[in-house]
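Heads up: the structure comes next, in structure tokens.
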Amino acid sequence: MVREPDELGDGVAVVSAAARITVLSGAGVSTDSGIPDFRGPNGLWTKDPKAERLSSFQAYVEDPEVRRASWQARLAHPVWRAEPNDAHRALVKLEKAGRLVSVVTQNIDGLHQRAGSTSVLELHGSMRETVCLQCNERRPMAEALERVAEGTADPSCRVCGGILKSATISFGQPLDTDVLMAARDAVLSSDLMLAVGSSLSVQPAAGLVGLAAQAGTTVVICNASETPYDDLATIVLRDPLGEVLPALIR
Ligand SMILES: [Zn+2]
């Protein structure tokens, strides 16, 4: 970790001076809430490479075995017991102060909203809903999980019998164009891009930081490890998010 002694102070000054802030948040924001990330040292895919296959859309559609394993993984997911942490709460303060354009998040856990953020763009969807792959009906995830808990290994759509999936973007699925366009608009109407808890390795989400820099928007990156966009940032902070975000947003 390389940080000049006054870099947090510089970060506070830069964030305090900004009037319109777009936040890009990644898995690092939720690790303090007990939700593991994917590629970190304790990440889901680092510890169990097979789990990555569960995130392939094609495998999900073609293989009932993958769907049954996915439903068990959803049922056991730590998100259902997770509470928002200090990093989520700091971003709510930013919105209440009228200085937030949007939280653009790569997270699917809904913890920003649980903390009280209302201007949230979920680039990768939400695991709090299911979507039918045939008729697009959306329902609360809790309904499907209840059926799984009662013994239905691969619950299908009650309307049309189609395959149900969490309303998230799997590998091999395109992002929702409307959400992505809204995220780009948010970035372009901001004077500060604050990228927090993301390794900035997944596109097109990470590219929003490049877009901001290109537009002349100040970029501040807070992440435990290096990102490919660190060189574009005015300030890079490696401190734990539960400490650095409340310090930056006072
Ligand atoms: Zn359906």
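Just follow the structure's listing: the first ligand is 1, and inside any ligand the first atom is 1. Sequential numbering from 1 along the given sequence is applied to the chain's residues.
- Evaluation of the side-chain hydrogen bond (donor to acceptor under 3.5 Å, both in side chains) test over residues 175-189, restricted to residues two or more places apart or in two chains, returns Arg20-Ser189.
- His112 and Ser25 share a side-chain donor-acceptor pair at under 3.5 Å.
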Exercise. Stepwise, does the side chain to side chain contact (heavy atoms under 4.5 Å, CB included) test hold for Cys135 with Cys157?
Worked result: CA-CA 9 Å; Cys135 74; Cys157 175; 3.8 Å; yes
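- Side-chain contact of Glu95 with Thr118: a donor-acceptor pair under 3.5 Å is present, judged by distance alone.
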For this session: Would you sort out whether Asp63 and Arg68 count as a salt bridge (Lys or Arg N to Asp or Glu O under 4.0 Å), showing the intermediate values?
Result: CA-CA 9 Å; Asp63 189 346; Arg68 287 193 282 270; over 6 Å; no
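- Of all protein atoms, those of element N, O or S that lie under 2.8 Å from the Zn ion (ligand 1) number 4.
- With hydrogens and angles ignored, the 3.5 Å screen pairs a side-chain donor or acceptor of Arg99 with a backbone N or O of Val15.
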